[in-house]
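Worksheet: one structure, shown below.
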There are 2 protein chains.
Amino acid sequence: MTVDEPDEMAEQHEPDTVARRGRWRTGERSRRRILDAARALFAERGYDRATVRRIAATAQVDPAMVYYFFETKSRLFTEALALPVNPAEEVAAELSGGVDGLGERIVRHFLDVWDRAPTVEPMLALLRSAPTDERSAAMFTGYIEQEIIARIATVVPEPARLRAELVGSHLMGLLLARHVLRIEPLASTSPDTVATWMGPTLQRYLTDPAPAPDPTA
Amino acid sequence: MTVDEPDEMAEQHEPDTVARRGRWRTGERSRRRILDAARALFAERGYDRATVRRIAATAQVDPAMVYYFFETKSRLFTEALALPVNPAEEVAAELSGGVDGLGERIVRHFLDVWDRAPTVEPMLALLRSAPTDERSAAMFTGYIEQEIIARIATVVPEPARLRAELVGSHLMGLLLARHVLRIEPLASTSPDTVATWMGPTLQRYLTDPAPAPDPTA
DNA sequence: GTCTATAATTAGATAGAC
DNA sequence: GTCTATCTAATTATAGAC
């Protein structure tokens, strides 16, 4: 009963009597189980503390299998982090709606994405690993910078990148507070409510005139 | 020349000729060096990746000394995290100035504190360790919640805690972007400029009327 | 107090049988 | 494809000499 129990996310297949062609090549199932386990554990413990051994145990496969399929922990990390949705494309879609109301659309989009576990986990893994792992930091900042910040910066006034990064920093803080530290009541506040609070703020960062240098200083 | 070079943060003392009473008990110096090194390395690499060996090397003492003084890595962590300033008191001081302009005062305060290395390091250590270390998470959220959020919540309108946490989440995001991920240009933008951008946002969270439930939804 | 030596544990990775 | 066995390296931690 090690690997023969039905995989809960497999669609209906023939009973496992004969190994007819068309059934999964046997390795496929283990490979997927490993990826699922890796995603969960990287998200839960960060890159360093998510050990290959534990990932293998969670996936109910032998540790050696992990290396057989992915060669190295680092590559497993990379593959596991292949996001199930492409934030860049989705952000691009939001941007195509114009800058009017863009702030609120962006908050709503991320709140929605984060509420689907399979999409928030890779982000959490990156966020948790970035501070202590060079690869993760590069991966995280590189991705956020190039695919998200840079795109937003193309549709807002100067200082465009600063505006986009103020938005980004607030969103990262929100992710941290809601999904990592789970600070209440913020963590349990409905996406709608959060969006109505934060939307105008982000909008202000995106489109309001740059503030004059502080006259009181 | 292992431990006899002058400690750069010691005040002027007598030349180290005789061991007169009144000089440091010899262990004090090593103990302090270890704590300084621990603070720096926990902040730089997080709890897991800051190894006792490396802390000892940085402190120019033998690894065994660390265990002699602190018994366990965990206790060293706890002691090292004793914050050099008390954020709670300082936030209280800001709050005593009334809610008018409070948003900008708070940003300026934190930007100022974070620019002094000895005060930002423990915060970074907590921030980096929190996601993967139960102790750190409890330490971090517990402190932030009780000492900062709760105090702010006492002087703003309902929903007071939500308002305070929106402010807090943005500040955490700023800390992450500026000091951990070092996203440019935000990381290099002057505190003045950041304060003029963020101040009105935080002020809005603190004192503006609660937004109506989104009518477009 | 400080250090050497080392035990005990754990992690990433590989070789080779089946 | 899958597993057993094992290697190497790093790390926490301890015992005991000086």
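Note that this is a predicted model, so its numbers are computed, not measured. Letters A, B, ... mirror the listed sequences (proteins, then strands); counts begin at 1.
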- Query: Rounded to whole angstroms, how far apart are OH on A/Tyr68 and P on D/dA5?
  - Reply: 21 Å
- Message: So, using side chain to side chain contact (heavy atoms under 4.5 Å, CB included) as the criterion, who are the partners of B/Ala93 when residues are at least two apart?
- Response: none
- note: B/Phe69, atom CZ; C/dC3, atom C1'; distance rounded to Å ~ 13 Å
- Message: Can you measure B/Arg75 atom CZ to D/dA13 atom P for me and round it to whole angstrom units?
- Response: 11 Å
- Query: Under a 3.5 Å cutoff on both atom distances, Watson-Crick or G-U, what's the dot-bracket for DNA chain C ([ ] crossing, | other strand)?
  - Reply: ||||||||||||||||||
- Task: Starting from P on C/dT2, measure out to CZ on B/Arg33 and report it in whole angstrom.
- Result: 11 Å
- Rounded distance (Å) that lies between atom P of D/dC18 and atom CG of B/Asp62: 16 Å
- Query: What pairs with B/Ala37 under side chain to side chain contact (heavy atoms under 4.5 Å, CB included), at least two apart in sequence or on another chain?
  - Reply: B/Ile55, B/Thr58, B/Ala59
- Message: With side-chain hydrogen bond (donor to acceptor under 3.5 Å, both in side chains) as the rule and sequence neighbours excluded, what pairs involving residues 176-188 of chain B come up?
- Response: B/Glu184-B/Ser188
- By ring-ring contact (aromatic ring centres under 6.0 Å, His included) - contacts of A/Tyr47 (at least two apart): A/Phe42, A/Phe77
- Under the side chain to side chain contact (heavy atoms under 4.5 Å, CB included) test, which residues partner B/Arg105, sequence neighbours left out? B/Glu94, B/Leu102
- Task: Considering only NZ, NE, NH1 and NH2 on the basic side and carboxylate oxygens on the acidic side, decide whether A/Glu79 and A/Arg31 come within less than 4.0 Å.
- Result: yes
- Item | salt bridge (charged side-chain N to carboxylate O under 4.0 Å, His left out) pairs, two or more places apart, involving residues 64-73 of chain B | B/Glu71-B/Arg75
- Report the residues that fulfil side chain to side chain contact (heavy atoms under 4.5 Å, CB included) with B/Asp112, sequence neighbours left out, ordered by chain and then residue number. B/Arg116
- Looking at the side chain of A/Met65, which of C/dT2, D/dG1, C/dC3 is the nearest nucleotide? D/dG1
Please list, for nucleotides 7-12 of chain C, all pairs of protein and nucleotide N/O atoms separated by less than 3.5 Å.
unit_1	atom_1	unit_2	atom_2	d
C/dG12	OP1	A/Lys73	NZ	2.7
C/dG12	OP2	A/Val52	N	3.1
C/dG12	N7	A/Arg53	NH1	2.7
C/dG12	O6	A/Arg53	NH1	3.3
C/dG12	O6	A/Arg53	NH2	3.3

- Message: What is the separation between atom CZ on B/Phe70 and atom P on D/dT14, rounded to the nearest whole Å?
- Response: 16 Å
